[in-house]
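Proteins get letters first, then strands, A, B, ... in listed order; numbering begins at 1 in each.
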Protein chains: 2
Amino acid sequence: MVQIPEVNSNIFYFPQGHAEHAYQPVHFPADFNIPSQIPCRVAAIHYRVDPHTDEVYAKLRLVPLHVSQVRFDDDTVGGIDNMSETKYQSYTKTLTQSNANNGGGFSCPRKCAETLFPPLDYSDMLPTQDIFPMDVHGETWRFRHAYRGMPKRHLLTTGWSDFVTDKLLVSGDSLVFVRDEHSDLHVGIRRSKKRNDCIFNFSSKRKLGPSYNRLTSSFGELRISDKVMGIGKVKAEDVLEAVRLVVNMQPFDVVYYPRVGTPEFFVKPSLIRKALQIRWWCGMRFKMAMETEDSSRTHWFVGEIASVEAVDPACPDSVWRLLRVTWDEAVVTNMKMLNPWEVEIV
Amino acid sequence: MVQIPEVNSNIFYFPQGHAEHAYQPVHFPADFNIPSQIPCRVAAIHYRVDPHTDEVYAKLRLVPLHVSQVRFDDDTVGGIDNMSETKYQSYTKTLTQSNANNGGGFSCPRKCAETLFPPLDYSDMLPTQDIFPMDVHGETWRFRHAYRGMPKRHLLTTGWSDFVTDKLLVSGDSLVFVRDEHSDLHVGIRRSKKRNDCIFNFSSKRKLGPSYNRLTSSFGELRISDKVMGIGKVKAEDVLEAVRLVVNMQPFDVVYYPRVGTPEFFVKPSLIRKALQIRWWCGMRFKMAMETEDSSRTHWFVGEIASVEAVDPACPDSVWRLLRVTWDEAVVTNMKMLNPWEVEIV
DNA sequence: ACATCTTGTCGGCCTTTCCGACAATGCGT
DNA sequence: ACGCATTGTCGGAAAGGCCGACAAGATGT
């Protein structure tokens, strides 16, 4: 679900989108005269780990470009081509209730098992093996990987429960398996939006996993910081600083925590171009893939464009959340303003 | 069971005893003219950890003394007195079958619990608490400590099984709790003689504890080295080098792995003196505390002195294993030659 | 030798985890 | 719209772990 651009590719940076990732209201000074979207080159990407929650976030160095430098049909620039596409293989799955309910194991999607895990001996009637992925702290875990049941499916059993308990995973959180350039297997997690919004209720009952010291020793700090970070993960001043630099055509850094329901504030030119080629109008019908209440599954929701207007009167030219929509299913209460590139016309 | 002398105390060093701790036969050159026992001052003690097996061993620096320098009724020397007695509090217990049989918990001796663990709230009908001892690798473990049952006893329950599995403990291995100078609780282990003598049969089934990488990654190496070390843990050449230095009155280092059934090769002067004051003779009856087959309990065995003679004709003056004995219970097959200070007259 | 204290072992019971059956979902045609 | 492939959920079964009863062993008198 997460789209991190590649190094040296071009993106459009949306200050308004960036502001939505702050945990404080961001008040842009009136005299800033902010462009609604600024083309930038991605100069560098660093992946970091939040030591408290194990969450992975990205730190992007963006270099502002002149509009003339950007071709909307080509997302890359510079001498390095898209060969870096052949980098890591990874698979992300959102945990179901059964996965997290300590009931037992993790039903592993076939694609995940077949592309990332060592091949099983299918000549065996009940093929099993142990996989040893490493988490972001360098801790190695053991999961028993079996292919069984009727119909046959891939499962992670022994060891999974310990992982869930140690990482305090609940249904809705996501699991990421990655095979790196040395073809070593890694495992990461991403907490669901809900979890991000609430204070951790930490109560590990098992053997101290690697997270014990970390989580408890900084418990007080964690409570406070998480309480404050109700909406996003970055400071308002960091957003303002980024905007200050971008309007002066200075390179700047942004931190991006992937968050379900909060769109990325950097978007590929080709995506925007394709979206803006459409003449959006009231009454147009669209669909959008969204995760269910507990993020355990994705579902296509259908709706109708209610109006097409800039969200912020101060930025009348901005296409950020240009579309005001209504949904066929009343369930979708929030999410009334969408980016054109988030939806698909039906 | 293990008696490590204190720094600055005096001991007698027995080359023959040292040789028994080698895994190879030690052939003392005839021209060495080895004294059977050399008084030494313990200049330094360093405790080390075998990274493969978690075993703790001691490295002692010994400085040879002239006999005139040693008073047999006083084990210490130098300005530092026995105040260092008030150093660490510790308790060692050999694991019973019930302790290791994964059946559940660890029945904790009263003395251990009351002297080393934080005090329980005995006003509570079922007092429980969690203790967090640290192992030699700096890993913290959690054990649930309860005082319950009829009659009441101290037990370690939750967390214990994981520890047993991770450390590959079996009945006969020993557990050591230590409270250090910062009153922090530590936990160590000592493998039984049997385990030391055989190749590890490693087959961890649970989550990878901290030992996993260590034990598996060096599996091959471990097999080999353990196979060779059938009897002791040190090289024959190390023993020879120690003896070479000691006869020249040079300071030397010895490594001591505590081993059930293999007596220490450094002994307090007072102990030797007391033992040699007795006129040992055939037919004298004695008792000796020894551990049972699986080291789960200690039992007093009774026997009779069969003869009093030097084990090695080349060292006719040596008191090392001076006593040839017979046992009342036929069970005690090995252990036919004992040191006078190991037994107690009845 | 006896009384008392301590602690090893056992079987019962409860919890956790493993497993295939079945069905709901999703995708391709 | 239908069929097939995939995978979420459920309840039974097996394993693991917690518990007090009991008694064997240890200790002190």
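- When the nucleotides C:dA21, C:dT9, D:dT9 are ranked by their closest atom to the side chain of B:Ser98, C:dT9 comes out on top.
- By the 30° and 60° cut-offs, the orientation of the rings of B:Trp327 relative to B:Phe286 is perpendicular.
- Computed from coordinates, the A:Leu156 CG to C:dC19 C1' distance equals 15 Å when rounded to whole Å.
- Contact check, B:Thr96 against C:dT9: a side-chain N or O comes under 4.0 Å of OP1 or OP2.
- Spacing between atom CE of A:Met150 and atom P of C:dG20 amounts to 10 Å, rounded to whole angstrom units.
- Aromatic ring orientation, B:Tyr122 versus B:Tyr147: perpendicular (interplanar angle above 60°, classes split at 30° and 60°).
- Checking the phosphate oxygens (OP1, OP2) of D:dC18, a side-chain nitrogen or oxygen of B:Thr158 falls inside 4.0 Å.
- One can place CZ of B:Phe143 at 15 Å from C1' of D:dG17, the figure rounded to the nearest angstrom.
- Going from atom OG of A:Ser90 over to atom CG of A:Asp180 covers 12.0 Å, rounded to the nearest 0.5 Å.
- Proximity of residues 113-126 of chain B to DNA chain C (heavy atom under 4.0 angstrom from any strand atom) is not detected for any residue.
- Of the candidate nucleotides D:dT9, C:dC19, C:dT9, C:dC19 has the atom lying nearest to any side-chain atom of A:Thr157.
- Listed candidates were D:dA21, C:dG20, C:dG8. Nearest to the side chain of B:Lys93 is C:dG8.
- Contact annotation: side chain of A:Arg153 to base of C:dG20, donor-acceptor pair absent below 3.5 Å.
- Side chain of B:Pro151, nearest nucleotide from C:dC22, D:dC22, D:dG20: D:dC22.
- Distance alone, capped at 3.5 Å, is enough to place a donor-acceptor pair between the A:Asp135 side chain and the A:Gly138 backbone.
- One finds no salt bridge joining B:Asp173 and B:Lys167 here, because no Lys/Arg side-chain nitrogen approaches an Asp/Glu carboxylate oxygen to under 4.0 Å.
- Rounded to the nearest 0.5 angstrom, B:Arg190 CZ and B:Leu175 CG are separated by 10.5 Å.
- Expressed to the nearest 0.5 Å, how far NE2 of B:His145 lies from OG1 of B:Thr157 amounts to 9.5 Å.
- Residues from residues 105-112 of chain B placing a heavy atom under 4.0 Å of any atom in DNA chain C, listed by number, are B:Ser107, B:Pro109, B:Arg110.
- One axis for each end of the helix from C:dA1-D:dT29 to C:dT29-D:dA1, each built from five base pairs, and the angle between them comes to 30° at 10° resolution.
- Side-chain atoms of B:Thr165 and B:Asp162 include no donor-acceptor pair closer than 3.5 Å.
- The number of heavy-atom neighbours closer than 6.0 Å to NZ of B:Lys274, taken from other residues, nucleotides and ligands shown, is 12 or below.
- Residues A:Phe117 and A:Phe177 place their aromatic rings such that the two centres sit under 6.0 Å apart.
- One atom, CG of A:Asn101, and another, C1' of C:dT16, lie 13 Å apart when rounded to the nearest Å.
- What separates CZ of A:Arg148 from P of C:dC18 is a distance of 8 Å, to the nearest Å.
- The separation between B:Gln97 atom CD and C:dT7 atom C1' is 15 Å, rounded to whole Å.
- Across the protein-nucleic acid pair, B:Trp160 atom CH2 and C:dT7 atom P stand 15 Å apart, rounded to whole Å.
- B:Asp130 has its CG atom 12 Å from the P atom of D:dC18, to the nearest Å.
- No more than 12 heavy atoms of other residues, nucleotides or ligands sit less than 6.0 Å from atom NZ of A:Lys111.
- In this structure, of C:dT9, C:dG8, C:dC18, it is C:dG8 that holds the atom nearest to the side chain of B:Asn99.
- Remark: the backbone N or O of B:Leu155 is not paired with any side-chain donor or acceptor of B:Trp160 at under 3.5 angstrom.
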